[in-house]
Amino acid sequence: MVLHLHNTGSGRREAFRPIDPAQVRMYVCGPTVYDHPHIGNARPAVVFDVLYRLLKTLYPKVTYVRNFTDVDDKINARAREEGVPIAELTRRMTQIYLDDMSQLNVLRPDVEPRATAHVAEMIALIERLIGNGHAYAADGHVLFHVPSWADYGRFARRSTDELMAGARVEVAPYKRDAMDFVLWKPSDAKTPGWDSPWGRGRPGWHIECSAMAKQYLGATFDIHGGGQDLIFPHHQNEVAQSVCAHDGAPLANYWVHNGFVIVEGEKMSKSLGNFFTMHDLLAEFPGEAIRLALLQTHYRQPLDFTKEGLRQAKRILDRWYRLVGDDLRTDDVPSEVQAALEDDLNTPKAISEMHKIADARHLEGIVNHGSPLGGYMLGRMSKQDLVKPMTSPGRRLRAAANSIGLLTLRESQWFGREQSDSLVLTDSVAIEVFRWVEDPRNIEKRINERNEARRAQNFKLADEIRDELATYGIVLEDGPKGTTWRRAG
RNA sequence: GGCGCGGUGGGAGAGUGGCUAUCCAGCAGCCUGCAAAGCUGUGGACGCCGGUUCGAAUCCGGCCCGCGCCUCCA
């Protein structure tokens, strides 16, 4: 099995062939840091994180670049509203984004360039485009001249005629052609700006990605990713700028775009107000549950987001954690899981394979003490599993889940049985109770008292103790091996 | 209007021309002081109409519906 990806550039599923197998290079459009990230921002971060992890298993070196857009008119507007300096707003939102993504087990890319640190490169790129006749300065602006490039529109599968027909904004007088788009625009005294050959100004939206991709990955690299809504105009314009600036060299060989998160059939977006911020969701659900919910839908499909979906994801992880326990060791990634991922990142299929592995985990003890034959006979295992030396299914499950960034904790961590060291309490009324509950020793002591009561057939007292703990969010489970507990949530 | 995506059982969600997807929920049992967890079994689907085929949810044609992009947006 070779990695296959659906390439937006061709509209087809293609075998992935890197330019240089010794170093795979990927660029993903990152967030504009002006607000808290929402679940729709998290989706590409998680999707391309899975791709990044997968590429790392296949190639010795992967260079993953994801930018921060920290110069943008939305940022300017927000900073004005809040009355804070722009740099402070972008610094704060960048940190929040990184913190939220980290809770989703999103690995840090190798390079996370900020647009404002690359203005010189953008200016150089713009000068090149002016020099070779693809851009022109007018009235303090610099514009890319769309008719100068015959292939414009091909990437997004739009003819320039259609684009003309669809143009309904009034055309700025300094534009030579209605489709021309801004590379550089003037800034007034109150707006962030940089000195340039065209006066003090700031970059247009698309040029930063062209400049940063070139700097860190070269004129042509392997994979360019982002959300579907970026195909036009953002990526089309990136392609135009980069190709024209680099003597016709293609920008990226494979374009990968994730689908939207939708709520009740409609696209989740700030303008509709139907979005969930990561901040709110993470207060209610573990990051891994959110990550699993995002990966249960194939990345190119629209993802219908609901809290019920999150609750289901949480339950799945509860069960899996019960199976893998506190043993963090893993095996090789099971072949069926790896194959699903290599098939255009089919994470829902990979997850269904994990369910099958989880089933086999039970059979290990139940059917015939670890012989894989029983599992095979019951149809729970593939023939491939049968010929492989049988190792612990718990480790196989952990390996499988780890490959997409799940099941990274110990069971006792997941269920909150370990002492929390990060708890900061300020409410003086509740603080005693919280302190008591936070210490697992107190809970275990109470469980022992309950079990004594149970032995004495005093079920009334036993149930009282269980109810008492339940009010603190502690769930007890009497199993064959004794009583275990976990924190609900 | 142009371009693109999608319509699968109560819900979520994969997929191959013929072989149980998977998970949740449901139902019937087992286990259990009770509960939870776990285990076993089980019903239920492929938007509509044609066509190709021995056989199509899967291929082709038409239709209906939903969504997205074309303007800042992951």
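All of these numbers come straight from a predicted model, not from anything done at the bench. Convention: sequence-line order gives letters A, B, ...; per-chain numbering from 1.
- Checked against side chain to side chain donor-acceptor pair (under 3.5 Å), A:Arg291 has the following partners two or more places apart in sequence or in another chain: A:Asp49.
- In terms of the side chain to side chain donor-acceptor pair (under 3.5 Å) criterion, A:Asp304 has no residue partners (sequence neighbours excluded).
- Residue A:His234 is classed as having no contact, given no heavy-atom separation below 4.0 Å to the nucleic acid.
- Among the nucleotides B:U22, B:A74, B:C69, the one closest to any side-chain atom of A:His355 is B:U22.
- Between the P atom of B:U71 and the CZ atom of A:Phe181 lies a distance of 13 Å, rounded to the nearest Å.
- Here the separation of B:C63 from B:A28, taken at their C1' atoms, is 44 Å to the nearest Å.
- With sequence neighbours left out, the side chain to side chain donor-acceptor pair (under 3.5 Å) criterion links A:Arg311 to A:Glu308.
- Not one side-chain nitrogen or oxygen of A:Ser352 sits closer than 4.0 Å to the OP1 or OP2 atom of B:A21.
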**Q.** Stepwise salt bridge (charged side-chain N to carboxylate O under 4.0 Å, His left out) check, A:Glu336 with A:Lys349
**A.** CA-CA 9 Å; A:Glu336 60 273 31; A:Lys349 182 75 159 58; over 6 Å; no
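- In this structure, A:Phe68 atom CZ and B:A74 atom P are separated by 13 Å, rounded to whole Å.
- Note on A:Leu476: a base of the nucleic acid sits closer than 4.0 angstrom, heavy atoms only.
- Atom CG of A:Asn346 and atom P of B:U22 are 15 Å apart (whole Å).
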Protein N or O to nucleotides 29-33 of chain B N or O, pairs below 3.5 Å:
unit_1	atom_1	unit_2	atom_2	d
B:G33	O6	A:Arg450	NH2	3.3
B:G33	O6	A:Arg454	NE	3.3
B:G33	N1	A:Asp463	OD1	3.0
B:G33	N2	A:Asp463	OD1	3.4
B:G33	N2	A:Asp463	OD2	2.7

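- Atom CZ in A:Arg157 sits roughly 14 Å away from atom C1' in B:G2 (whole-Å rounding).
- Screening residues 444-488 of chain A for ring pair (Phe, Tyr, Trp, His ring centres under 6.0 Å) gives A:Trp436-A:Tyr472 as the qualifying pairs, with residues at least two apart or on separate chains.
- Comparing the P positions of B:U40 and B:U22 gives an interatomic distance of 13 Å, to the nearest angstrom.
- Remark: the backbone N or O of A:Ser412 is paired with a side-chain donor or acceptor of A:Asp326 at under 3.5 angstrom.
- In this structure, A:Arg417 places its CZ atom 12 Å from C1' of B:A37, rounding to the nearest Å.
- At whole-Å resolution of the value, CG in A:Leu461 and P in B:C34 are 18 Å apart.
- Residue-level contact check: A:Gly226 touches the backbone only, with heavy atoms under 4.0 Å from sugar-phosphate atoms and none from bases.
- Taking only side-chain atoms of A:Arg322, from C-beta outward, the nucleotide of B:G38, B:A74, B:A14 with the closest atom is B:G38.
- Among the heavy atoms of the strands, none lies under 4.0 Å from A:Val47.
- Checking B:C70, B:A36, B:A74 against every side-chain atom of A:Pro233, the shortest atom distance belongs to B:C70.
- The ring-ring contact (aromatic ring centres under 6.0 Å, His included) check on A:Tyr299 picks up nothing, with sequence neighbours excluded.
- Going from atom CZ of A:Arg300 over to atom P of B:G4 covers 15 Å, rounded to whole Å.
- Listed by first then second residue, pairs satisfying salt bridge (Lys or Arg N to Asp or Glu O under 4.0 Å) with a partner in residues 33-43 of chain A read A:Asp35-A:Arg78, A:Asp35-A:Lys270, not counting sequence neighbours.
- When the nucleotides B:C72, B:A21, B:A74 are ranked by their closest atom to the side chain of A:Lys356, B:A21 comes out on top.
- If you check every strand for non-hydrogen atoms under 4.0 Å, A:Glu477 touches a base.
- Mapping A:Gly40 and A:Gly479 onto RNA chain B by nearest heavy atom places A:Gly479 at the nucleotide closer to the 5' end.
- Using modelled atom types and a 3.5 Å distance limit, the side chains of A:Tyr27 and A:Glu238 yield no donor-acceptor pair.
- Considering only side-chain atoms of A:Gln301, the nucleotide from B:A14, B:G4, B:C23 that sits closest is B:A14.
- Comparing the P positions of B:G9 and B:A21 gives an interatomic distance of 14 Å, to the nearest angstrom.
- A:His6 meets the ring-ring contact (aromatic ring centres under 6.0 Å, His included) test with no other residue; sequence neighbours excluded.
- Legend: residues meeting side chain to side chain donor-acceptor pair (under 3.5 Å) with A:Asp280, ordered by chain and number and at least two apart, are A:Thr277.
- Listed pair A:Arg319 / B:C24 meets the phosphate criterion, a side-chain N or O lying under 4.0 Å from OP1 or OP2.
- With B:A74, B:G13, B:A14 as the choices, the nucleotide that has an atom nearest any side-chain atom of A:His298 turns out to be B:A14.
- Note: CG (A:Asp343) to C1' (B:G15) measures 10 Å, nearest angstrom.
- A:Trp320 and A:His355 have tilted rings, their planes meeting at an angle from 30° to 60° on a 0 to 90° scale.
- Separating the C1' atom of B:A45 from that of B:G4 is a span of 27 Å, rounded to the nearest Å.
- Of the candidates B:A36, B:A74, B:A14, B:A74 carries the atom nearest the A:Asp229 side chain, counting heavy atoms from C-beta on.
- For RNA chain B, if you chain together Watson-Crick or G-U pairs that step i with j, i+1 with j-1 and so on, the runs of at least three with distances under 3.5 Å are B:1-7 with B:64-70, B:10-12 with B:22-24, B:26-30 with B:38-42, B:47-51 with B:59-63.
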Each nucleotide N or O in nucleotides 42-46 of chain B that has a protein N or O under 3.5 Å away: list the pair and distance.
none

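- Judged by distance alone, the side chains of A:His4 and A:Asp343 never bring a donor and an acceptor atom under 3.5 Å apart.
- For the C1' atom pair drawn from B:A12 and B:G50, the interatomic distance equals 32 Å after rounding to whole Å.
- With distances taken from any side-chain atom of A:Pro348 to the nucleotides B:G13, B:A37, B:C23, the minimum falls on B:G13.
- Taking atom P in both B:C69 and B:A74, one finds a spacing of 12 Å when rounded to whole Å.
- Side-chain atoms of A:His38 lie closest to B:A74 of the nucleotides B:U22, B:G13, B:A74.
- Where A:Gln296 and A:Arg315 meet RNA chain B, the nucleotide closest to each residue was compared, and A:Gln296 sits on the side nearer the 5' end.
- Sequence neighbours left out, the pairs with a member in residues 28-52 of chain A that pass ring pair (Phe, Tyr, Trp, His ring centres under 6.0 Å) are A:His36-A:His279, A:His38-A:Phe275, A:Tyr52-A:Tyr64.
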